[in-house]
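Take a look at the structure below.
Just so you know, ligand 1 is whichever comes first in the structure, and atom 1 is the first atom listed for that ligand. In what follows, every heavy atom counts, from backbone to side chain, and hydrogens, waters and symmetry copies are set aside.
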Amino acid sequence: METGPAENLETLWNQALNLLQAQLSKQDFDTWIQPLEPLATSGKTLEFRVPNHMFATWVADHFLDKLTHTIGDVAGFSPELRFICDPADPQGKLFIETAEPAATKRKVSSSRSPGRLIDGYEFENFVVGPNNQFARAAAMAIAKQPGTLYNPLFMYGGVGLGKTHLANAVGHAIVEHDPAARVMFASSDGFTNQLVEAISKNKAQEFKNRVRRLDVLIVDDVQFLSGRERTQEEFFHIFNVLYEQGRQIILTSDKAPVELDGIEQRLCNRFGWGLVADIQAPDTETRRAILERKAADEGIALPARVAELIATRIDSNIRDLEGALTRISAFASINHTEINVEMAEKLLLAVAPDAKSELGFDDIEQGVTQHFGLKPEELKARRRTKKVAEARQVAMFLMRRHMGASFPAIGQFMGGRDHSTVVHAYQAVEKRCRADQRYKHMVDTVAKAIGCG
Ligand code: ADP
Ligand code: MG
């Protein structure tokens, strides 16, 4: 190289920046890539300074592939990236990432080895809510009496709702109680890969023997066994052996056993032999409790209003909820400011884009009165017929849900009503939506008509 290393590094990074800017949203680029400060290269290793540990984790989880490839394209070799935390960060420590995306998960490296439980997924940090109460209770009962109570335990639900967390929590609790217990945790892919590898090395029998000696077998995301006949065949036999010996089997999936496609009938039947527990999406209160718990665990000062804002805005799943928190706290830490509502609002728009920014009280008022056939003033008036009362509740609900407006502000708009009235209305609609499909459909229709559905 003709130029000095520092100069080279700067050129290299600037070229990579240009390419990255073209590939990423402005928001992502400004928040996560711009702040990276290249420090030094040695051999194929490239070091960056980052503001804190969480930032490093987020970048590694979301952008490592892109960074590695783009820098690789510019540099002409595949680099190994390292992120080094600012020493001022309380959790600051050397945080190393390799170019191998599989090794980038936040949990400590031991969790990556096949068969091991994932560290940090325990009952203690699992927040209970109406959505997961049943599954959690079943999981805890099994942890106390593995193999005897419900076998298998089959937990299912949408993505990011806590299935993997709960399944691991059972494993941890069992090992805590009996350190000699042989517990294996495998994703369906991991299970398949281990099996395929064993077969290719003529060690299938060894693998089977090992699995058959287990006290607890946890297979995560069994829907991915779909279409893998050989793995299903082996799994069927393993299942039978473990089951007959009273060893605990724990399975998770995105669907109930009866709804699984591409999985042999005899396996699906067995999946339903023990206890089938579903996990639903969390309600606002549970989302908020989870956020506050995460913030406390990570030492993030999260004001109550921001927690509430995130919890109302992000209603998809808990992984997204965590992502929003990380984004906001990383932003605050880069800019050396505290977390506040304005900043959170701005950052959330990028991850949870919806009509909130343009949508106003008037739009909702208009949409609702139109749907119910009322005059605008009727919605705000004191007079109360059944229809008016219902329309009012729906309006308040939508203002909260789709504008993220505060309860007092909604009360103010709705003819100076107390904020507790708004809270009540919001909860009443949420509850009725859960219980009454037709009602939910009506609320969704109104929301869609306003442009937020
Ligand atoms: P799934 O396996 O259902 O896709 P995960 O178990 O991976 O979901 O959960 C996604 C993230 O949300 C994890 O970081 C997990 O720790 C967290 N999480 C899920 N449910 C809860 C809960 N009830 N309390 C605390 N954290 C939770
Ligand atoms: Mg999972």
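- Salt bridge status for Glu390 with Arg432: present, with a side-chain N to carboxylate O gap under 4.0 Å.
- Of all the listed residues (Arg136, His165, Glu124), His165 holds the heavy atom that lies closest to atom 16 (O) of ligand 1.
- Arg210 and Glu206 are not joined by a salt bridge, as no carboxylate oxygen comes within less than 4.0 angstrom of a charged side-chain nitrogen.
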Checklist entry - Stepwise, does the side chain to side chain donor-acceptor pair (under 3.5 Å) test hold for Thr70 with Asp73? => result CA-CA 5 Å; Thr70 309; Asp73 286 346; 5.6 Å; no

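- Rounding to the nearest 0.5 Å gives a distance of 9.0 Å between NE2 of His424 and CE of Met396.
- Atom 1 (P) of ligand 1 has its nearest heavy-atom neighbour, among Gly160, Ala167, Ser187, in Gly160.
- Looking only at distances, no side-chain donor or acceptor of Asn151 sits under 3.5 Å from a matching main-chain atom of Leu242.
- Neither the backbone nor the side chain of Asp221 comes within 4.0 Å of ligand 1, counting heavy atoms alone.
- Taking 2.8 Å as the limit, the number of protein N, O or S atoms around the Mg ion (ligand 2) is 1.
- Screening Leu149, Leu153, Thr148 against Gln248 for a side-chain contact (heavy atoms from CB on, under 4.5 Å) leaves a single residue, Leu153.
- Of the N and O atoms on the side chains of Asp261 and Ser226, not one donor lies less than 3.5 Å from an acceptor on the other residue.
- A cation-pi geometry, defined here as NZ or CZ lying under 6.0 Å from the six-membered ring centre and within 45° of its normal, does not hold between Arg270 and Tyr243.
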Checklist entry - Going through the checks in order, is the side chain to side chain donor-acceptor pair (under 3.5 Å) test met by Glu244 and Asn240? => result CA-CA 6 Å; Glu244 276 153 25; Asn240 290 340; 5.4 Å; no

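- Residues that satisfy the side chain to side chain contact (heavy atoms under 4.5 Å, CB included) test with Glu233, not counting sequence neighbours, are His237, Arg266.
- In the model, Thr68 has no side-chain atom that pairs as donor or acceptor with a side-chain atom of Asp65 under 3.5 Å.
- Under 4.0 angstrom from ligand 1, the non-hydrogen atoms of Val127 come from both its backbone and its side chain.
- The ligand atoms of ligand 1 that sit less than 4.0 angstrom from a heavy atom of Val159 are 4 (O).
- Under 4.0 Å from ligand 1, the heavy atoms of Lys294 that appear belong solely to its side chain.
- Close contacts of ligand 1 with Asn132, meaning ligand atoms under 4.0 Å from a residue heavy atom, involve 23 (N).
- Residue contact check for ligand 1: Gly120 places no non-hydrogen atom closer than 4.0 Å to it.
- For Glu259 (side chain) and Ala256 (main-chain N/O), a donor-acceptor pair under 3.5 Å exists by modelled atom type.
- Interface of Ile318 with ligand 1, defined as ligand atoms under 4.0 Å from a residue heavy atom, comprises 12 (O), 17 (C), 18 (N), 19 (C), 20 (N), 21 (C), 27 (C).
- For the side-chain contact (heavy atoms from CB on, under 4.5 Å) test with Asn132, the passing option among Leu161, Ile279, Asp278 is Ile279; the others fail.
- Polar contact with ligand 1: present for Gly162 (N/O pair, distance under 3.5 Å).
- Taking distance alone, with nitrogen or oxygen atoms compared against 3.5 Å, Val128 stays at or beyond that limit from ligand 1.
- Here's the thing with Phe126: none of its N/O atoms is less than 3.5 angstrom from an N/O atom of ligand 1.
- Residue-ligand proximity, Gly158 to ligand 1, at heavy-atom distances under 4.0 Å covers atoms 3 (O).
- By the 3.5 Å distance cut-off applied to N or O atoms, Leu161 is counted among the residues near ligand 1.
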